[in-house]
J.: 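This is the structure I have questions about; it appears just below.
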Amino acid sequence: QVQLVESGGGLVQAGGSLRLSCAAPRSMFVINAMGWYRQAPGKQRDLVATITSGGSTTYADSVKGRFTISRDNAKNTVYLQMNSLKPEDTAVYYCNAQGLVTGAGWREVWGQGTLVTVSS
């Protein structure tokens with residue numbers, strides 16, 4: 001199974017910061033867009049941010065100005081820098097990538113999820 005490996009979640013006070021990381025295996029060459037999603041208790045999974053192969057980014061209105069998505073191509077890793085965190089940011093965050101996997105062709109791959117909890 002090909003899976004993205006996430007890290008960086010945890011407990012933080014409102015106003016604090018966290019940096020999430022999502023690493024793809026070397027067998028996966030990510031093309032087009034990568035994204036971060038989140039799912040809060042009792043709610044659907046929503047898109048948080050995306051980044052294309054050309055570096056263009058999009059953000060949900062709720063995180064604009066606070067979150068920054070970036071990519072380190074050499075490490076095959078995407079990051080989500082989260083600043084000025086609010087309690088409503090509390091959710092399980094999932095990384096998604098679309099790319100060409102060696103010997104398997106085009107695949108959409110998800111991370112296992114990392115929990116972010118923001119206290120008041």
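Below, all heavy atoms of this structure are taken into account, side chains as well, without hydrogens, waters or symmetry copies.
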J.: So which of Glu6, Arg45, Arg38 actually passes side chain to side chain donor-acceptor pair (under 3.5 Å) with Tyr93?
T.: Arg38

J.: Are Leu11 and Leu85 connected in the hydrophobic side-chain network, where two residues link if heavy atoms are under 4.5 Å apart?
T.: no

J.: What are the two closest non-hydrogen atoms of Thr77 and Ser21, and how far apart are they?
T.: CG2-CB, 4.4 Å

J.: If you look at every heavy atom in Ala14 and Pro87, which pair is closest and at what distance?
T.: CB-CD, 4.2 Å

J.: Step by step, work out the side-chain contact (heavy atoms from CB on, under 4.5 Å) result for Cys22 and Trp36.
T.: CA-CA 9 Å; Cys22 173; Trp36 287 95; 3.5 Å; yes

J.: Using a 4.5 Å cut-off on heavy atoms from C-beta on, say whether the side chain of Tyr94 contacts that of Gln39.
T.: yes

J.: Applying a strict under-4.5 Å side-chain criterion to I, L, V, M, F, W and Y, I'd like to know whether Met82 and Val63 cluster together.
T.: yes

J.: Output the distance between atom CG (Asp89) and atom OG (Ser62), rounded to the nearest 0.5 Å.
T.: 7.0 Å

J.: For Asp61, is there an ion pair with Lys64 - N to carboxylate O distance below 4.0 angstrom?
T.: yes

J.: Which value, rounded to the nearest 0.5 Å, describes the distance between Arg71 atom CZ and Met34 atom CE?
T.: 3.5 Å

J.: Taking all heavy atoms of Ala49 and all of Leu80, pick out the closest pair and write down the distance.
T.: CB-CD1, 4.3 Å

J.: Going from CD1 on Ile51 to OG on Ser70, what distance comes out if it is rounded to the nearest 0.5 angstrom?
T.: 6.5 Å

J.: Is any side-chain heavy atom of Val116 less than 4.5 Å from a side-chain heavy atom of Leu20?
T.: yes

J.: Please report the C-alpha distance between Val78 and Ile69 in whole Å, then the side-chain angles of each, then the deciding distance to 0.1 Å, and finally whether the side-chain contact (heavy atoms from CB on, under 4.5 Å) criterion is met.
T.: CA-CA 7 Å; Val78 64; Ile69 188 171; 3.9 Å; yes

J.: State, to 0.1 Å, how close Asn76 and Pro25 come at their nearest heavy-atom pair, and which atoms those are.
T.: ND2-O, 2.9 Å

J.: I would like to know whether Thr117 and Val12 meet side-chain contact (heavy atoms from CB on, under 4.5 Å); could you show each step before the answer?
T.: CA-CA 6 Å; Thr117 303; Val12 66; over 6 Å; no

J.: Establish, yes or no, whether a centroid distance under 6.0 Å links the rings of Trp110 and Tyr37.
T.: yes

J.: Measure the CD-OG distance between Gln98 and Ser53 for me, rounded to the nearest 0.5 Å.
T.: 11.0 Å

J.: Say you draw a straight line from CZ of Arg26 to NZ of Lys75; how long is it, rounded to the nearest 0.5 Å?
T.: 10.5 Å

J.: Side chains of Ser17 and Asn83: any donor to acceptor distance under 3.5 Å?
T.: yes

J.: Do Leu18 and Tyr79 share a hydrophobic cluster (ILVMFWY, side-chain heavy atoms under 4.5 Å, transitive)?
T.: no

J.: Within a 6.0 Å radius of atom CD on Glu108, are there more than 12 heavy atoms belonging to other residues, nucleotides or ligands?
T.: yes

J.: For the residue pair Thr58 / Thr50, report whether a side-chain donor-acceptor contact shorter than 3.5 Å exists.
T.: yes

J.: Say whether, by atom type as modelled, one donor and one acceptor occur between the side chain of Ser84 and the main chain of Arg66 under 3.5 angstrom.
T.: no

J.: Is Leu47 linked to Val92 within one hydrophobic cluster, defined over Ile, Leu, Val, Met, Phe, Trp and Tyr using a side-chain heavy-atom separation of less than 4.5 Å?
T.: yes

J.: Just by modelled atom types, is the Ser27 backbone N or O under 3.5 Å from a matching donor or acceptor in the Thr102 side chain?
T.: yes

J.: I'd like to know whether Met28 forms a side-chain contact (heavy atoms from CB on, under 4.5 Å) with Val109, so could you lay out the CA-CA distance, the side-chain angles of the two residues, the decisive distance to 0.1 Å, and finally the verdict.
T.: CA-CA 9 Å; Met28 187 175 189; Val109 184; 3.7 Å; yes

